[in-house]
There are 2 protein chains.
Amino acid sequence: MSPSGMGMVVPEETPVRRARRTGAKPLSEPQVSRLSLYRRQLQARPLASPATIHSHALAALCGTSAAHVRRDLMTIGFNGSPARGYDVEQLIGAIGRELDDPDGQRAALVGVGQLGRALLDYFTTRRPNLRVAAAFDVDPAKTGRVIHGCRVWPLDDLAEVVREQGITVGVLTVPAEAVQEVAERMVAAGVVGFLNFAPVPLRLPARTFVEEMDITTSMERVAYFARALVAGGRRKDEHRAG
Amino acid sequence: MSPSGMGMVVPEETPVRRARRTGAKPLSEPQVSRLSLYRRQLQARPLASPATIHSHALAALCGTSAAHVRRDLMTIGFNGSPARGYDVEQLIGAIGRELDDPDGQRAALVGVGQLGRALLDYFTTRRPNLRVAAAFDVDPAKTGRVIHGCRVWPLDDLAEVVREQGITVGVLTVPAEAVQEVAERMVAAGVVGFLNFAPVPLRLPARTFVEEMDITTSMERVAYFARALVAGGRRKDEHRAG
DNA sequence: ATAGCGCTGTGAACGAAATCACAGCGTTAC
DNA sequence: GTAACGCTGTGATTTCGTTCACAGCGCTAT
Ligand SMILES: NC(=O)c1ccc[n+]([C@@H]2O[C@H](COP(=O)([O-])OP(=O)(O)OC[C@H]3O[C@@H](n4cnc5c(N)ncnc54)[C@H](O)[C@@H]3O)[C@@H](O)[C@H]2O)c1
Ligand SMILES: NC(=O)c1ccc[n+]([C@@H]2O[C@H](COP(=O)([O-])OP(=O)(O)OC[C@H]3O[C@@H](n4cnc5c(N)ncnc54)[C@H](O)[C@@H]3O)[C@@H](O)[C@H]2O)c1
């Protein structure tokens with residue numbers, strides 16, 4: 001409210017910054033998603049790119065608006081210069097400090113079927129700060145092996161391995177009938193976050209976070225809005241041409 | 001406002017119902033998602049289930065609130081009886097009338113790799129109203145075959161096949177470097193809705209709908225909120241125990 | 001120097017979606 | 001028959017995320 005003289009390069013106290021420094025983590029779900037994308041897009045830039053980037057350019061890379069970018073970076077207390085924009089290297093670091101666990105986080109994937117194998121491959125090509133440390137299956141034909149660098153354990157070893165490795169994240173690619181029970185066993189073993197690919201919503205106790213990857217619903221959504229576009233004069237999600 | 005005598009079983013005019021009847025389609029994105037899930041959960045019920053269901057029960061199946069369910073069903077103009085609840089069979093039909101194209105919709109999947117093959121398998125076990133009618137790949141080793149009941153064409157045939165089969169939905173499982181170009185070719189051929197599994201946001205012209213299935217971001221979201229749960233006294237997405 | 005431009009940081013306005021709250025009615029219990 | 005209950009349908013309210021708009025400042029051009 002009172003426009004006190006505020007430095008631009010040397011960060012001083014603003015309400016949001018104060019809130020952050022005092023320990024509160026006011027990151028909303030969409031903000032976390034966007035920050036994750038910002039970082040990935042920045043890291044994917046060609047090697048010979050400028051060392052700084054403007055909010056407009058980052059927004060274009062990520063399909064958002066410049067205001068959005070500025071608001072998000074403000075929220076994590078990162079600031080740039082009006083002239084040069086944001087320092088890319090530092091920004092990547094700042095997002096990491098926000099999203100990553102400094103000690104690393106480990107995930108377990110349960111259900112090494114078609115989708116599970118594809119995901120194992122996908123995740124092993126990712127950074128080590130958040131890696132799939134173990135996989136599980138009930139099928140004895142699948143256990144004991146190492147797939148895409150990840151050992152596949154019998155489901156019975158779940159609690160033991162999860163505890164030993166300090167696993168807190170679960171990726172569920174088991175058949176729909178099995179997913180509720182598997183998830184409950186994982187919660188009992190200490191897993192608190194889930195990425196669920198089975199097409200039924202999980203019902204888990206409080207103090208648990210579940211992300212439903214409902215591909216069927218996504219497909220029906222696309223079909224519905226595609227139809228709306230063809231039929232009426234209607235736009236739901238517009239993207240500008242590159 | 002004026003509580004005119006309204007029938008309960010025989011539906012009469014309410015503002016929302018009038019809006020719907022006059023052709024407007026005020027379904028929001030989250031509503032489409034929920035309706036898709038309602039239908040799937042209703043169809044997945046055991047055969048010997050009651051013919052009607054209350055909003056509370058359906059909400060429990062889907063992880064929402066009863067108010068949410070009632071509001072959604074009101075939006076599509078479907079009404080139940082205070083005593084019995086909603087007629088399941090009719091509700092399934094009503095949702096279908098809302099979400100499905102009566103003439104059916106066809107989708108094309110591009111990129112028959114690990115993920116693409118898993119998805120082909122998954123989608124062929126779904127209803128025929130929205131089916132993957134064709135797959136494409138650049139790799140000659142993959143084209144010409146029929147995988148999971150779906151013929152794999154060379155990418156060069158894309159425009160022709162899309163036009164012939166009236167395909168309006170695209171599923172993108174090609175490498176990140178290729179996805180923008182592939183999507184643009186599909187738009188040129190007449191595809192308007194996309195489900196994009198590549199980890200880069202698409203930039204497409206207006207009158208196009210894109211659903212980003214960003215698994216990396218979802219994973220980082222889960223990790224972040226899982227960590228928040230373990231660390232501070234914090235809950236982002238609570239689910240009650242079944 | 002100095003004028004002007006354009007970008008950041010951010011309060012404020014806006015909009016949409018979720019949630020609350022309750023009137024009205026069918027049903028069941030007695 | 002009558003009273004009490006519980007569910008639906010829906011206006012009203014709240015919550016939350018997005019977007020607007022602009023003050024302040026550094027850089028560049030002249
Ligand atoms: N295939 C896809 O593209 C796709 C897409 C969306 C959703 N899904 C969902 O993902 C899940 C897996 O799909 P899929 O195509 O990989 O199936 P799949 O049959 O190929 O794989 C399932 C795997 O889970 C294992 N399994 C079964 N019960 C188990 C249990 N109780 N504990 C541990 N492992 C168990 C099986 O041995 C098998 O290896 C399903 O729920 C499916 O609906 C799959
Ligand atoms: N594997 C996963 O679980 C997973 C998870 C999330 C996202 N993704 C993304 O999905 C995409 C595919 O992943 P994948 O693991 O199946 O990779 P993959 O290499 O197994 O498959 C890619 C397929 O695309 C084909 N292809 C390459 N260029 C093409 C082009 N221009 N046109 C048509 N086809 C082309 C290749 O021949 C190959 O068959 C990638 O963008 C990946 O980042 C994969």
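A note on names: the letters A, B, ... follow the listed sequences, proteins ahead of strands, and every chain is numbered from 1.
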Review point. Which part of the nucleic acid does R84(B) contact within heavy-atom distance under 4.0 Å: base, sugar-phosphate only, or nothing?
Key: sugar-phosphate
Review point. Would you say L202(A) and T208(A) make side-chain contact, with heavy atoms under 4.5 Å?
Key: no
Review point. When the distance from OH of Y86(A) to C1' of dC7(C) is rounded to whole Å, what number comes out?
Key: 9 Å
Exercise for review: Among the candidates dG6(C), dT27(C), dG17(D), find the nucleotide nearest to the side-chain atoms of P82(A).
Suggested key: dG6(C)
**Study point:** 5'-most by nearest nucleotide on DNA chain C - D72(B) or R70(A)
**Key:** R70(A)
Point to revise | Atom pair distance, as rounded to whole Å: CE in M74(A) and P in dA12(C) | key: 12 Å
Exercise for review: Compare side-chain N and O positions of R71(B) against OP1 and OP2 of dC20(C) and report whether any pair is under 4.0 Å apart.
Suggested key: no
Review point. Quick one: on DNA chain D, does S65(A) or A83(B) contact a more 5' nucleotide (nearest heavy atom)?
Key: A83(B)
Check your understanding: Taking only N and O in the side chain of S55(B), is any of them less than 4.0 Å away from OP1 or OP2 of dT8(D)?
Key -> yes
Point to revise | pair P201(A)-Q41(B): side-chain heavy atoms closer than 4.5 Å | key: yes
Check your understanding: Side-chain N or O of H68(B) less than 4.0 angstrom from OP1 or OP2 on dA18(C)?
Key -> yes
Review point. Within this structure, what is the CG-to-P distance between N79(B) and dT10(D), rounded to whole angstrom?
Key: 8 Å
Review point. Which whole-number value in Å describes the distance from D87(B) CG to dG26(C) C1'?
Key: 17 Å
Exercise for review: Apply the test salt bridge (Lys or Arg N to Asp or Glu O under 4.0 Å) to residues R39(A) and E220(B): give CA-CA distance (whole Å), side-chain angles for both, the deciding distance (0.1 Å), then the verdict.
Suggested key: CA-CA 11 Å; R39(A) 173 167 65 172; E220(B) 293 191 343; 3.2 Å; yes
Check your understanding: Around R84(B), counting heavy atoms of other residues, nucleotides and ligands shown, do more than 12 lie under 6.0 Å from its CZ?
Key -> no
Check your understanding: To the nearest angstrom, how far is L73(A) atom CG from dT10(C) atom C1'?
Key -> 13 Å
Check your understanding: Under 4.0 Å: is that the gap between some side-chain N or O of H54(B) and OP1 or OP2 of dG6(D)?
Key -> no
Practice item. Return the value, rounded to whole Å, for the distance between atom CG of L91(B) and atom P of dT8(D). Key: 12 Å
Point to revise | Length of the line joining I76(A):CD1 and dT8(C):C1', which is rounded to integer Å | key: 15 Å
Exercise for review: Determine whether more than 12 heavy atoms belonging to other residues, nucleotides or ligands lie under 6.0 Å from atom CD of Q43(B).
Suggested key: yes
